[in-house]
A.B. asks: 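Pasting in a structure now, in structure tokens, and then I'll have a few things to ask.
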Amino acid sequence: MIGINSSKSAIHCVLIAFFMGCGITAAPAHGQTVTGKWTTTTNWRVLDSGEIDRGILELQQTGSDLTGTITTIGHVYHVKGTVTGNHFELTGATYNSKPHITGELAGKDLHLTKDGDFLDAVPSKPGDDYPAIERVEPPVLHDVPYNGLAKTPPMGWNSWNQFQSKIDDKAVREVVDTMVSNGMRDAGYIYVNIDDTWEGVRDAQGNLSSNKKFPDMKALADYVHSKGMKFGIYSSPGPRTCAEYQGSYGHEEQDAKTFANWGIDYLKYDWCGARLIYGSDSLQAVYQKMGVALLKTGRPIVYSLCEYGVGNVEAWGAKVGGNLWRTTGDISDTWSSMIKNIDKQASTAPYAGPGHWNDPDMLEIGNGQMTDEEYRTHMSLWALTAAPLLAGNDIRTMTPAIKEILMNHDVIAVDQDALGKQATPVKSGDLEMWVKPLADGSVAVGVVNLGASENTASVKASDLGLGAKVKSARDLWAHANVKFRDGAYAAKIPSHGVLLLRVSAKK
Ligand code: GLA
């Protein structure tokens with residue numbers, strides 16, 4: 001519940017004070033600087049309900065430098081920027097949002113554009129601050145029964161990495177159609193998941209609707225199902241999501257029912273705005289609440305926890321009914337981000353298994369900032385670590401090379417292996433070797449060249465735990481059988497490339 005209750009203002013003050021210091025009500029020094037406190041009179045974020053979601057800007061100008069904070073319902077942004085004459089530019093960040101704001105001092109007002117949207121701000125009046133958000137105590141911990149889903153790591157597509165807020169019903173249908181016609185669905189990419197920015201407003205009964213980009217969620221779910229695919233959605237345990245749309249705070253059961261009624265098969269539940277209310281010691285209980293709510297709907301819904309790897313999630317993710325949990329911060333389409341995320345998997349391996357998986361975040365394959373060589377490494381590492389394979393590119397326009405990477409059936413088989421073991425790495429210089437035992441007694445072995453120049457890798461049968469002589473080995477990217485000689489196989493690996501083998505031993 002978001003309580004509009006002045007008796008709660010003390011808590012609010014504490015919350016705000018934590019981030020920005022309470023009671024700063026200095027009037028802006030108009031005409032000279034933008035220093036002061038401002039309240040937007042137009043929506044900070046586009047709402048299609050007509051209600052105003054304000055942004056409260058507290059800015060401090062020193063010469064041409066600008067610093068400050070922006071508070072919205074679910075977030076506090078720390079911003080900085082520069083001023084030139086009457087114009088200024090600000091960038092800031094909450095957990096993931098990096099709004100780009102430009103503005104000018106126009107008489108007594110500020111005229112702003114935020115990520116292309118026009119906003120007006122006026123000097124703040126007493127009472128403009130957001131009312132306190134009442135903390136709803138999370139439940140007492142208990143183990144939530146396993147929902148029986150995700151026996152192998154979930155596979156599908158998610159809108160966020162490529163589309164962010166520019167996703168709508170039409171694009172999702174086109175993605176679905178393409179995944180059917182290009183064979184992705186049949187290769188195992190079953191879930192089509194809409195990420196943040198689909199959310200609309202709540203009605204008087206608190207029922208959540210989708211916004212105008214998604215006129216009829218149930219109809220869209222029916223469409224996805226009619227194509228033999230499954231449909232996923234996104235929410236947050238906070239009052240607002242990371243992109244500041246409606247979260248499920250105080251409406252957990254109600255939203256779970258709504259999702260089930262729409263025909264949702266997968267929920268990504270993203271901590272973000274919840275951090276304004278709960279400490280990370282409440283993570284497990286807060287996630288348990290939605291885990292129970294999903295089970296109660298009676299609909300099989302894969303439960304994906306998104307909390308950036310904080311709070312030792314791998315130790316309790318399955319206990320709250322989670323089928324996968326993020327072990328890292330957000331991935332971006334760079335080699336260093338991808339490697340950073342996979343490095344964090346070394347310690348999480350014991351916690352992966354059928355029904356419950358570590359999630360180093362969605363794939364960036366095909367988003368354009370890495371080479372195809374690097375994308376092959378990305379795909380190999382996700383497969384070796386039994387990570388969910390959620391493509392994050394524009395499926396409608398991908399190149400044949402990207403399609404081949406995402407749809408390499410041999411690599412997918414490594415990821416989807418029924419044993420559900422997660423590989424761990426052994427590093428030697430620039431080469432890092434990951435070994436994954438497979439259900440049929442064979443192993444997958446990947447050697448990644450982290451270095452800036454070509455390197456020769458030698459894979460020894462004795463490193464693979466096979467305990468006997470190699471019977472056969474296949475290079476899963478070259479699609480060719482290779483021979484181990486004297487118990488070893490050597491190959492050249494280009495910078496940032498990978499050698500990925502499936503090796504079986506004589507019984
Ligand atoms: C967080 C998540 C991302 C994405 C965005 C959406 O940053 O980690 O994967 O869902 O929120 O706002």
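Please read all numbers here as calculations on a predicted model, not as lab measurements. All ligand and atom numbering here is 1-based and tracks the order in the structure.
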A.B. asks: For Cys272, is the nearest heavy atom under 4.0 Å from an atom of ligand 1?
C.D. replies: no

A.B. asks: Answer yes or no for Gln164: is there a heavy-atom contact with ligand 1 below 4.0 Å?
C.D. replies: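 Flag not set, Gln164 not near ligand 1.
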
A.B. asks: Evaluate whether atom NZ of Lys80 has more than 12 neighbouring non-hydrogen atoms of other residues, nucleotides or ligands under 6.0 angstrom away.
C.D. replies: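 Check fails, neighbour count at 12 or below.
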
A.B. asks: Would you check if the distance from the ring center of Trp316 to the ring center of Tyr351 is below 6.0 Å?
C.D. replies: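 No, they do not, as the ring centres are separated by 6.0 Å or more.
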
A.B. asks: Could you tell me whether Arg396 and Asp177 have a side-chain N and a carboxylate O separated by less than 4.0 Å?
C.D. replies: no

A.B. asks: Please confirm whether the backbone N or O of Thr82 pairs with a side-chain atom of Asp65, one donor and one acceptor, at under 3.5 Å?
C.D. replies: no

A.B. asks: At a 4.0 Å threshold, what atoms of ligand 1 neighbour a non-hydrogen atom of Lys268?
C.D. replies: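 Every atom of ligand 1 under 4.0 Å from some heavy atom of Lys268: 3 (C), 4 (C), 9 (O), 10 (O).
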
A.B. asks: Does Trp160, backbone or side chain, put an N or O under 3.5 Å from an N or O of ligand 1?
C.D. replies: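 So ligand 1 has no N or O lying under 3.5 Å from an N or O of Trp160.
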
A.B. asks: Pairs of nitrogen or oxygen atoms closer than 3.5 Å, one from Asp270 and one from ligand 1: do any exist?
C.D. replies: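 It does: an N or O of Asp270 is found under 3.5 Å from an N or O of ligand 1.
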
A.B. asks: Using a 6.0 Å cut-off, check whether atom NZ of Lys289 has over 12 heavy atoms from anything other than its own residue.
C.D. replies: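 Yes, enclosed.
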
A.B. asks: State the atoms of ligand 1, each with its element, that fall below the 4.0 Å cut-off from a heavy-atom position in Cys306.
C.D. replies: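 Listed by number with element: 2 (C), 8 (O).
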
